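Some notes on the structure that comes next.
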2 protein chains.
Amino acid sequence: MSNDSVSKRAGSTEKVPRFQAIIEHLRQQIHSGTWPEHTALPPERTLAERFGISRMTARRALLAIETEGLAYSAGRRGRFVSPARLTYDIGNMVSFSAHAQRDDLGLSIKVISSGVIAADTTLASRLPVEMGEEFYKYTRLFLIKDHPTFIEEEFVIARLFPDLLERDLTQSTTLLLERHYDTAAHTGNIVIRMRALREEEAGLLGLATYQAGIELEQLICDKSGQPFCFGRQIWRGELAEFTAQAVVRDKTDIQSK
Amino acid sequence: MSNDSVSKRAGSTEKVPRFQAIIEHLRQQIHSGTWPEHTALPPERTLAERFGISRMTARRALLAIETEGLAYSAGRRGRFVSPARLTYDIGNMVSFSAHAQRDDLGLSIKVISSGVIAADTTLASRLPVEMGEEFYKYTRLFLIKDHPTFIEEEFVIARLFPDLLERDLTQSTTLLLERHYDTAAHTGNIVIRMRALREEEAGLLGLATYQAGIELEQLICDKSGQPFCFGRQIWRGELAEFTAQAVVRDKTDIQSK
DNA sequence: TAATTTTGTTGGTATATACCAAATACGCTG
DNA sequence: CAGCGTATTTGGTATATACCAACAAAATTA
């Protein structure tokens with residue numbers, strides 16, 4: 001146990017930092033499947049002792065593994081191996097939740113907050129409403145097998161969907177609106193970006209505040225092309241991938257040049 | 001200087017960690033525009049002294065700011081304010097480089113490597129070729145105003161584009177193929193995910209190895225729907241956002257339920 | 001048995017210190 | 001002025017230590 005692959009200055013040119021070696025070791029264990037999903041990683045102190053390094057160094061390695069998305073932290077309970085990534089098809093707005101439930105992914109939805117707000121400039125600029133028009137706003141946490149996966153904030157024009165908030169919000173909105181209001185999503189303008197998590201988001205998702213996640217905004221339109229809903233999701237970056245079909249639009253641009 | 005907003009146990013309930021306060025301060029400076037793009041951030045030691053904290057604590061704050069994408073590290077030269085995010089429309093495959101050059105974004109392309117390889121299982125499963133079929137593979141670094149932004153690795157079927165590697169690869173591939181080989185990109189299957197950077201990628205982009213970026217894979221097809229090129233880009237996550245138009249496909253799913 | 005207290009584990013924060021290597025700035029020399 | 005060597009600045013790595021708060025499990029009490 002003393003001559004681990006991690007040595008100080010054994011004789012070679014050596015420049016690999018120690019914590020990198022630990023990272024490598026952890027990656028190995030996780031990728032090889034020795035530690036299945038949700039297995040507890042060795043605690044900082046144990047890792048430090050086992051490899052003959054200081055706790056801070058062990059900590060660095062573990063944090064790196066977290067940043068990579070290979071493991072997640074559960075507060076002071078420890079760190080655990082992340083579950084597999086799932087695929088979200090942004091070209092299919094019938095949506096994730098419909099699929100997730102049908103495919104038996106173990107999806108559950110938790111309503112964090114809901115209420116009525118007045119349209120601000122952000123909303124007014126995206127949807128065909130006046131400033132101050134009433135919107136339902138609700139925030140929900142989506143969990144896969146009780147594992148926090150993403151947060152969704154949705155804004156829908158209140159006028160179009162009376163008493164929406166009285167209904168069961170722990171189901172797919174797409175389905176809800178279709179069943180009770182005869183409004184179907186038809187197209188959506190989507191923006192995807194990587195950004196740092198805010199305080200509350202990080203709390204809900206079980207991540208550190210300064211960590212990054214994937215933000216997915218969508219402006220949902222009906223058959224006539226009228227937007228009626230604006231949604232914003234924050235995903236734990238390591239838990240998803242997004243697929244889409246792209247089609248070339250303005251071919252003229254290149255020919256004219 | 002002693003009674004900064006950062007105090008130890010002054011009397012209130014106090015639970016905001018010191019480094020959080022520093023982060024807040026740095027965010028402020030950057031967002032307020034006091035420090036424009038590419039301005040040097042205070043070095044660790046200076047920050048530590050100025051706020052009366054240890055260097056390691058200052059370092060933590062700076063690393064967090066990096067992770068958030070607000071600043072980037074330039075090796076031992078220091079840390080600098082990140083430039084603004086730019087938008088990549090994945091529904092418009094005429095592509096980024098065409099736009100970037102036209103819009104005068106200051107795009108430059110650096111060829112990292114190029115050569116011929118034999119198709120492995122990954123390629124063979126995605127493109128209509130046999131295992132072992134020859135592919136041109138080239139890797140390029142894309143810079144905006146000399147700032148590393150993303151790396152692209154492309155694999156094209158060699159048979160279809162003779163002597164491609166002899167041509168000038170510091171231009172948009174889409175344009176290149178269109179001009180010289182009469183092959184135009186028509187549709188693309190795209191996957192976007194967040195993932196950790198590998199060693200060399202991090203080096204080229206000027207990031208730490210364990211940091212995360214955005215990976216964008218695209219399988220490019222011609223008018224007849226035949227795939228002829230597979231590309232994989234790694235973006236510095238904070239530098240881009242991706243837009244797309246989505247259309248509902250299988251409406252039957254929900255009706256039948 | 002059920003509720004409560006105690007104890008040990010674990011991560012979170014913070015410091016002070018040390019040495020290294022890359023990059024830069026400066027001053028000297030030709 | 002150009003070229004060279006040196007000193008300084010800066011981030012990167014690593015340690016040893018300390019205390020705190022959240023949490024879980026074990027021991028104790030009602």
Side-chain angles (χ1 to χ4, degrees), chain A residues 4 6-10 12-24 26 39-67 71-81 199 202-203 206-211, chain B residues 2 4-10 12-24 26 39-67 71-81 199 202-203 206-211:
Chain A
D4 236 304
V6 188
S7 57
K8 206 190 295 245
R9 209 139 285 254
S12 52
T13 357
E14 287 274 4
K15 37 199 166 182
V16 224
R18 299 189 172 197
F19 77 92
Q20 285 286 5
I22 313 296
I23 291 176
E24 210 48 62
L26 295 172
T39 304
L41 266 62
E44 301 176 355
R45 288 167 175 85
T46 308
L47 207 59
E49 196 196 7
R50 195 182 300 166
F51 283 89
I53 55 176
S54 83
R55 189 188 146 202
M56 290 309 271
T57 307
R59 184 179 172 75
R60 271 188 74 176
L62 286 165
L63 289 176
I65 289 294
E66 267 188 73
T67 307
Y72 63 95
S73 164
R76 270 153 240 239
R77 240 166 306 131
R79 293 186 176 85
F80 305 86
V81 177
E199 189 81 22
L207 294 173
T209 310
Y210 42 85
Q211 275 194 278
Chain B
S2 60
D4 236 303
S5 59
V6 187
S7 57
K8 205 189 297 243
R9 207 139 286 252
S12 53
T13 358
E14 288 275 4
K15 32 196 169 190
V16 225
R18 299 191 171 195
F19 77 91
Q20 285 287 5
I22 313 296
I23 291 176
E24 209 49 62
L26 294 172
T39 304
L41 265 62
E44 300 177 355
R45 288 167 173 84
T46 308
L47 207 59
E49 197 197 6
R50 195 182 299 166
F51 283 88
I53 56 177
S54 83
R55 189 188 145 200
M56 290 308 271
T57 307
R59 183 177 173 75
R60 271 188 72 178
L62 286 165
L63 288 176
I65 289 295
E66 266 187 73
T67 306
Y72 63 94
S73 164
R76 268 152 242 241
R77 240 165 307 130
R79 294 186 176 85
F80 304 86
V81 177
E199 189 80 22
L207 293 173
T209 311
Y210 43 85
Q211 273 194 278

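If you're wondering where the values come from, they're calculated on a predicted model, not measured in any experiment. Below, chain A is the first sequence line, B the second, and so on; all start at residue 1. FYI, side chains are in, hydrogens and waters are out, and symmetry mates aren't considered; it's all heavy atoms of this structure.
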Distance in Å, B:S54 OG paired with B:R45 CZ, rounded so as to fall on 0.5 Å steps: 12.0 Å
Distance, rounded to the nearest Å, where B:F19 contributes CZ and C:dA14 contributes P: 6 Å
Separation of C:dT10 C1' from A:E49 CD (nearest whole Å): 15 Å
Phosphate OP1/OP2 of D:dT15: any A:T57 side-chain N/O under 4.0 Å: yes
Nucleotide nearest B:P43 (side chain, heavy atoms from C-beta), chosen from D:dG11, C:dT15, C:dT13: D:dG11
Minimum-distance nucleotide to A:P17 side chain [options: D:dA14, C:dT15, D:dG11]: D:dA14
Spacing of B:F80 atom CZ relative to D:dT10 atom P, expressed in whole Å: 11 Å
Atom-pair distance (CD on A:E44; C1' on C:dT10), nearest Å: 7 Å
5' precedence on DNA chain D between A:A58 and B:T46 (nearest-nucleotide basis): B:T46
OP1 or OP2 of D:dA18 under 4.0 Å from side-chain N/O of A:R55: no
Between C1' of C:dT13 and CG of A:L63, the distance in whole Å: 12 Å
Approximate separation, where rounding is to 0.5 Å, of A:Q20 CD and B:Y210 OH: 8.0 Å
Whole-Å gap separating C1' (D:dA14) and CD1 (A:I22): 12 Å
Backbone N/O of A:L63 and side chain of A:T67: donor-acceptor pair under 3.5 Å: yes
Candidates B:T39, B:I65, B:L62 - the one meeting side chain to side chain contact (heavy atoms under 4.5 Å, CB included) with B:R79: B:L62
Nearest listed nucleotide, side chain of A:R76, among D:dA21, D:dA14, C:dA22: D:dA21
Between CZ on residue B:R59 and CD1 on residue B:I22, distance to nearest 0.5 Å: 15.5 Å
Nearest-angstrom distance from the residue atom CD of A:Q20 to P of D:dA14: 9 Å
Side-chain N or O of B:R77 closer than 4.0 Å to phosphate OP1/OP2 of C:dA22: no
Phosphate-side-chain proximity, B:R59 and D:dG11, N/O vs OP1/OP2 below 4.0 Å: no
Nearest-angstrom distance from the residue atom CE of A:M56 to C1' of C:dA14: 8 Å
Options C:dG12, D:dT13, D:dA16, nucleotide nearest the side-chain atoms of A:R79: C:dG12
